[in-house]
Amino acid sequence: MKKTPIAIAVVGVLAVAYVGSSWYIGTKIEKMVDTQITRLNTRLASEFALNGIDSPPYIEKASYERGIFSSEARYLVGIRGQEETLTLHDAISHGPLPWAALSHGMFAPALAFSQTTVDTNDPKATKLKTYFGDKEPFIGYTRIGFGDSITFDWSISPFKHTADDVTIDFAGLSLAGTASTDGQEWDAKGGSAGLKVVAPQEANPFQLAFGKMDFTAKTQRSAFEIGVGESSLSVDGIAIENIDGDTDRNILVKRIEVKSGVALEGKNAFNANAIYTVNGITVGQQQFGDVVLDARINRLDGAALQGLSKTYEELMDSGKLRNITDPAEILSMPGVQENLIGLLKQAPQLLVTLNATNAAGQSAIELAVDTAAPANPARPGPEILQRIHATLTLDKNMVADAYQRFLVLDGASPEAAKQTVDETLPATLESLVEEGALSLADNGKYTGYVTFEKGSLVINGEEVPPFMIPLLLGMLASGIDTPDFSQNSAPELEEFRFEEEQVEPAQP
C-alpha cells in the first residue's frame with residue numbers, strides 16, 4: 001500500500017488548518033487592536049483631565065489591511081486640538097507561528113508578532129531624517145502570546161541636531177521586557193545614556209543635561225488581583241547651567257533615584273513604600289549635600305484596595321472622569337468613598353522620614369500616624385485617628401552651614417554670611433529652647449516633638465491645656481507667634497480672655 005497519498009493528505013489538512021487558524025487569529029488581532037486603542041484614548045483623556053489638561057495625546061487607527069498570514073495597520077498619533085499628527089506603520093505577523101518573530105530568536109507559538117515604525121509615507125518622516133538620518137526614529141517589536149502575555153523591545157534612536165542655534169544631543173531610549181495584557185505583571189528594564197540641550201544666550205549658553213538614566217520594574221499578581229513588586233528610576237548627572245546667563249545659579253545634582261514597592265502583609269493587607277533620594281545638590285559654588293524622603297504606609301486592607309482599583313479602572317474606561325473640574329467630586333462617585341473608608345479596616349499606619357545631610361551634619365523630621373478601624377463604617381468619626389507623633393532633630397552645625405550657603409547665594413560675602421549666622425542662629429535656637437519648642441540633647445543636637453493622642457496634645461513633654469488647642473491651631477494657621485502652652489502658663493493667659501461686660505442695674 002502506497003503511503004504517499006496519505007502523507008500528502010495529512011500535509012494538505014495541516015496546511016489548510018494552519019491557514020484557517022492564521023486567518024482566524026488575524027481577525028482576533030484586529031478586534032484586540034480596536035479595543036486597546038479605545039481603552040488607551042479613554043484613559044489618556046481621563047488622566048490628563050484629572051491634571052487639568054484638556055488636550056491629551058491620542059492614537060487612532062487610520063487603516064487596517066488584513067491578510068491571511070499578516071496584516072498592516074497605520075495609526076495616527078497626535079494631541080487633541082492640534083492638526084499635526086505622526087503616522088506609525090505596524091507590520092503584524094499572524095500566529096500560531098509568526099515568521100517575523102524567528103529573526104528575533106522567538107520560536108514559541110504566539111498570537112502575533114508586530115514591528116512598529118514611523119511610516120515612511122508620512123511627510124514628517126522626511127523632517128525626522130534631519131534628526132535621525134538613515135536610522136529608524138522609533139522601532140518597536142511586540143510579541144503577543146496566547147497566555148495573555150506580551151514581550152516587547154521598544155527603542156528611540158539617538159540623534160544630534162542643531163536648529164536656530166539650539167543643539168540637542170540625545171543618546172536614545174530603550175525599554176524591553178514582558179508584561180501581562182492587563183498590566184498587573186511586569187518585568188522590564190530600560191534607560192538612556194543621556195541628553196544635552198544647549199541654547200545660545202548673550203554671554204554663556206544655557207545648558208540642560210542629564211547622564212545615564214535607568215528604569216526597572218518587576219511586579220506580579222498576588223491576592224485580591226493586586227500587583228506586588230518593586231520598581232526604580234535613577235538619573236545621573238543632572239545639570240542646569242547658565243540660567244539667564246548667570247553662572248552663579250548653576251544647578252548640579254549628582255544623582256536622583258526613586259524606588260517604590262508594594263508587598264503583601266499576611267493574607268488581607270498590603271504595605272507600600274516610596275523612597276526619593278537626591279544626592280550631591282550644588283547651586284553655584286555652594287554644596288548643599290543630600291536629601292532622602294522615605295514614605296511608607298502599612299496595612300492597607302486588600303479587599304478595599306481591590307475595590308478601589310476596580311472602581312478607578314471602571315471610571316477611567318467609562319470616561320466619567322473627563323469632565324471632572326474639582327478632584328473632590330470623585331469622592332461622590334459610586335464605589336469610591338466606601339472603599340476609601342474600607343482601607344482603614346486593618347488600622348493602617350503612615351510613616352514619613354525626611355533626612356537632610358551636608359558636610360557639617362544631619363537633620364531629620366519623622367512623622368508617624370496611627371489609625372483605627374471606624375466603629376461605624378457608614379459614619380467614621382474621630383476615633384479613626386489614634387495617634388500622631390512628629391519629631392524634629394536639628395544639627396546646629398548642619399543648619400549653620402546650610403544657612404550660610406543660602407546667604408551667600410543671596411548675594412552676601414562668605415565673611416558677612418558667617419557673621420550673620422554667628423550673630424543670629426545661636427540666639428534663635430536658645431530662644432526656642434527657653435520657650436519649650438526645642439530641647440538640647442546630650443549629643444549636642446536640638447530636638448522637638450509633638451504628640452496628639454486621644455484628644456491630648458503634648459509638645460516636648462508639656463501637655464497643652466484642652467481649651468488652648470483650638471487657639472493654638474488658629475494661631476498656627478494665621479502665623480501669629482505662639483506663647484508658652486505648658487500647664488503652668490495658664491495664669492499668664494489672661495490677655496486671651498474676654499472681660500465680662502459690666503451692666504448697670506436699671507433705675508426704678
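Values reported hereafter were calculated over all heavy atoms of this structure, with side chains retained and with hydrogens, waters and symmetry mates removed.
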Is the side chain of [X] donor-acceptor paired with the backbone N or O of [Y] at a distance under 3.5 Å, no angle test?
X	Y	result
Ser232	Val258	no
Thr130	Lys127	yes
Gln386	Glu383	yes
Lys124	Thr85	yes
Asn273	Ser260	no
Thr353	Asp294	no
Asn279	Lys254	no
Asn358	Ala360	yes
Arg387	Thr451	no
Asn460	Gly436	yes

Practice item. Apply the test side-chain hydrogen bond (donor to acceptor under 3.5 Å, both in side chains) to residues Thr393 and Thr447: give CA-CA distance (whole Å), side-chain angles for both, the deciding distance (0.1 Å), then the verdict. Key: CA-CA 5 Å; Thr393 303; Thr447 62; over 6 Å; no
Heavy-atom pair of closest approach, residues [X] and [Y]:
X	Y	result
Gly361	Met398	O-CG, 3.4 Å
Gly342	Asp301	O-CB, 3.3 Å
Leu300	Pro348	CD2-CB, 4.3 Å
Thr311	Gly335	OG1-O, 3.7 Å
Thr371	Ala347	O-CB, 3.4 Å
Pro414	Gln404	O-NE2, 3.7 Å

Check whether any side-chain heavy atom of [X] sits under 4.5 Å from a side-chain heavy atom of [Y], and report yes or no.
X	Y	answer
Phe288	Leu409	yes
Ile256	Phe210	no
Leu233	Met213	yes
Phe159	Ile168	yes
Lys445	Ser363	no
Lys218	Thr216	no
Leu438	Leu392	yes
Val399	Leu429	no

More than 12 heavy atoms from other groups under 6.0 Å of [atom1] on [X]:
X	atom1	value
Asp164	CG	no
Glu338	CD	yes
Lys135	NZ	yes
Gln337	CD	no
Tyr449	OH	yes

Exercise for review: Report the distance from atom CD1 of Ile281 to atom CG of Leu252, rounding to the nearest 0.5 Å.
Suggested key: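 Rounded to the nearest 0.5 Å, the CD1-CG separation comes out at 11.0 Å.
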Check your understanding: Between atom CD of Gln220 and atom CG of Asp187, what is the distance when rounded to the nearest 0.5 Å?
Key ->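 Answer rounded to 0.5 Å: 10.0 Å.
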State, without any angle test, whether [X] and [Y] hold a side-chain donor-acceptor pair at a distance under 3.5 Å.
X	Y	answer
Glu241	Asn250	no
Asp395	Gln362	no
Ser234	Glu257	no

Check your understanding: By side-chain contact (heavy atoms from CB on, under 4.5 Å), which residues pair with Ala263, not counting sequence neighbours?
Key ->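 Per chain and number, Ala263 pairs via side-chain contact (heavy atoms from CB on, under 4.5 Å) with no residue.
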Review point. Who are the side-chain contact (heavy atoms from CB on, under 4.5 Å) partners of Ile59, not counting sequence neighbours?
Key: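 Applying side-chain contact (heavy atoms from CB on, under 4.5 Å) to Ile59 gives Ile37, Leu40, Asn41, Tyr75, Val77.
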**Study point:** Verdict with supporting geometry, Lys212 and Asp214, side chain to side chain contact (heavy atoms under 4.5 Å, CB included)
**Key:** CA-CA 7 Å; Lys212 184 180 180 183; Asp214 289 313; 3.0 Å; yes
Check your understanding: Taking it one step at a time, do Lys259 and Glu230 satisfy side chain to side chain contact (heavy atoms under 4.5 Å, CB included)?
Key -> CA-CA 7 Å; Lys259 292 183 177 181; Glu230 298 179 345; over 6 Å; no
Point to revise | Aromatic plane relationship, Phe270 with Phe224 - under 30° parallel, 30 to 60° tilted, over 60° perpendicular | key: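 The arrangement is perpendicular - the two ring planes meet at more than 60°.
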Practice item. Run the numbers on Leu425 and Thr420 for side chain to side chain contact (heavy atoms under 4.5 Å, CB included), then give the verdict. Key: CA-CA 8 Å; Leu425 183 60; Thr420 300; over 6 Å; no
**Study point:** side chain to side chain contact (heavy atoms under 4.5 Å, CB included) between Thr277 and Asp290, worked out
**Key:** CA-CA 8 Å; Thr277 304; Asp290 309 327; 6.0 Å; no
